[in-house]
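Every value quoted in this text rests on a predicted model; they were computed, and no experiment measured them.
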Amino acid sequence: SGIPDNHVYSIAVDSRGNKWIGTFQGGLAKYDGSKWTVFKTSNSSLPNNSVFSLAIDCNGNKWIGTVFSGLAVYNEGGVVTAGKVDKNVLLNQFLLSQNYPNPFNPTTTIEYQIPKQSKVIVRVMDLLGREIETLVNEEKAAGDYSVKFDGSKISSGVYFYQLIANGNVITKKFVMMK
């Protein structure tokens with residue numbers, strides 16, 4: 001398929017419709033609708049090949065959470081910054097954090113941030129994109145939020161959770177393990 005690793009941990013879509021895939025050890029991959037481009041430590045300034053979380057801001061920067069190198073802000077021209085990032089920079093971003101714990105049984109916490117008042121939807125979906133549960137569906141003021149998901153009524157497996165706010169859509173994967 002072109003994906004450099006079968007362990008996909010994050011997916012984001014940029015304003016041009018490119019699909020960005022964060023993988024366990026294969027780095028970051030971009031699919032533009034016809035071809036794959038893979039960004040790894042060996043061919044770019046990506047600080048680590050284990051990309052666990054990914055968000056794209058309005059400037060096209062990819063906010064990447066890595067296993068060993070912490071947070072990096074990356075674009076196709078290279079790493080903008082890596083390591084510790086000033087909280088004031090993050091306040092202007094729509095962010096969806098990786099849930100914890102992951103895998104989980106039966107509950108997990110999902111954290112997200114919105115930089116301005118917005119209608120917010122946080123939902124859980126199965127592998128086919130069918131909605132399992134809506135966790136948040138309301139107007140929220142700017143700020144950091146968390147919501148718990150109780151998976152005691154679902155079977156073990158891979159699911160997705162999604163933040164929709166102010167035209168931004170961020171989706172992440174999590175695992176329910178009974």
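Contact detail for Met125 and Ile132: the closest heavy-atom pair is C-CG1, 3.8 Å. Between Thr108 and Pro101, the closest heavy-atom pair is OG1-O, 2.9 Å. Contact record, Ser118 with Ala165: CB-CB, 4.3 Å, taken as the closest heavy-atom pair. In this structure, Gln162 and Ile164 approach most closely via the heavy-atom pair OE1-CD1, 3.5 Å.
In this structure, Asn102 contributes its side chain and Val175 its backbone to a donor-acceptor pair below 3.5 Å. A donor-acceptor pair under 3.5 Å is absent between the side-chain atoms of Lys30 and the main chain of Val38, judged by distance alone. Within the 3.5 Å criterion, the main-chain N or O of Phe24 finds no donor-acceptor partner in the side chain of Asn49. Panel note: side chain Ser152, backbone Pro106; no donor-acceptor pair is recorded below 3.5 Å.
Looking only at side-chain heavy atoms (C-beta outward), Leu135 and Ile110 come within less than 4.5 Å of each other. In this structure the side chain of Asn18 never reaches within 4.5 angstrom of the side chain of Tyr31, judged on heavy atoms. Using a 4.5 Å heavy-atom cutoff, the side chains of Ile64 and Leu28 are in contact. Between Asn99 and Thr109 there is no side-chain heavy-atom pair separated by less than 4.5 Å. At least one side-chain heavy atom of Thr37 sits less than 4.5 Å from a side-chain heavy atom of Phe39. Tyr161 has its side chain out of reach of Arg123: every pair of non-hydrogen atoms, C-beta onward, lies at least 4.5 Å apart. Lys140 places a side-chain heavy atom less than 4.5 Å from the side chain of Tyr145. Between Lys172 and Gln98 there is a side-chain heavy-atom pair separated by less than 4.5 Å.
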- Task: Verify side-chain contact (heavy atoms from CB on, under 4.5 Å) between Leu54 and Lys62, making sure each step is shown before the conclusion.
- Result: CA-CA 7 Å; Leu54 171 65; Lys62 286 68 178 173; 3.8 Å; yes
- Item | Derivation of the side-chain hydrogen bond (donor to acceptor under 3.5 Å, both in side chains) call for Asn137 and Lys119 | CA-CA 7 Å; Asn137 186 4; Lys119 166 77 172 185; 2.7 Å; yes
- Message: Walk me through whether Phe94 and Trp63 qualify under ring-ring contact (aromatic ring centres under 6.0 Å, His included).
- Response: CA-CA 10 Å; Phe94 286 90; Trp63 292 74; over 10 Å; no
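Glu111 and Ser146 share no side-chain donor-acceptor pair at under 3.5 Å. In this model, no donor atom of one side chain and acceptor atom of the other lie less than 3.5 Å apart for Ser156 and Lys178. Asp150 and Thr107 are not linked by any side-chain donor-acceptor pair at a separation below 3.5 angstrom, with hydrogens and angles left out of the test.
Among Leu163, Leu95, Asp144, Ile170, the single residue meeting the side chain to side chain contact (heavy atoms under 4.5 Å, CB included) criterion with Tyr112 is Leu163. The only option from Phe174, Phe52, Phe160 that meets the ring pair (Phe, Tyr, Trp, His ring centres under 6.0 Å) definition with Tyr9 turns out to be Phe52.
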